[in-house]
Amino acid sequence: MFILSNRNIVLTTRDGDESRYIQRGFLGDVPDRFCQSAYFSALVKDGKIVLSGSRKDTDVVSAAEQGEKTLEETVKRTRKAKKD
């Protein structure tokens, strides 16, 4: 699967037998066996990993922008206002 990583993360296979370190800013292919865990799905949902359907630059940039928007919205929802 072709991904863009917005964080330093360690992906593992579903059964935990194998792991792979993914550096922040990584743009490239990750074997599908690392993309089948609940943790990977949560990272995608939070916008920490952005999936791209293709390797075209415009598609990757568009996917990255969508991931950043999702991450910002999640932070806004979960961050509580400070009381003075």
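Any value given below was found using the heavy atoms of this structure, including those in side chains, with hydrogens, waters and symmetry copies removed. Quantities reported herein were computed from a predicted structural model and do not represent experimental measurements.
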* Looking only at heavy atoms, which two atoms of Leu51 and Met1 are closest? And how far apart? -> CD2-SD, 3.4 Å
* Residues in side chain to side chain donor-acceptor pair (under 3.5 Å) contact with Ser5, at least two apart in sequence or another chain ->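 For Ser5, no residue satisfies side chain to side chain donor-acceptor pair (under 3.5 Å) once neighbours in sequence are set aside.
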* **side chain to side chain donor-acceptor pair (under 3.5 Å) involving Asp17 - partner list, sequence neighbours excluded** => none
* Side-chain touch Val30/Phe2, heavy atoms, less than 4.5 angstrom ->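 No - every pair of side-chain heavy atoms lies 4.5 Å or more apart.
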From [X] [atom1] over to [Y] [atom2], what is the distance, rounded to the nearest 0.5 angstrom?
{"X": "Leu43", "Y": "Ile9", "atom1": "CG", "atom2": "CD1", "value": "5.0 Å"}
{"X": "Arg24", "Y": "Leu4", "atom1": "CZ", "atom2": "CG", "value": "10.5 Å"}
{"X": "Ile49", "Y": "Leu11", "atom1": "CD1", "atom2": "CG", "value": "5.0 Å"}

* Residue pair Val50, Asn6: steps toward the side chain to side chain contact (heavy atoms under 4.5 Å, CB included) verdict -> CA-CA 8 Å; Val50 179; Asn6 292 322; 3.6 Å; yes
* Excluding sequence neighbours, so at least two apart, what forms salt bridge (Lys or Arg N to Asp or Glu O under 4.0 Å) with Arg33? -> Glu18
Side-chain polar contacts of residues 34-41 - donor-acceptor pairs under 3.5 angstrom, sequence neighbours left out - could you list them?
{"from": "Ser37", "atom 1": "OG", "to": "Phe40", "atom 2": "N", "distance (Å)": "3.1"}
{"from": "Ser41", "atom 1": "OG", "to": "Ser37", "atom 2": "O", "distance (Å)": "3.4"}

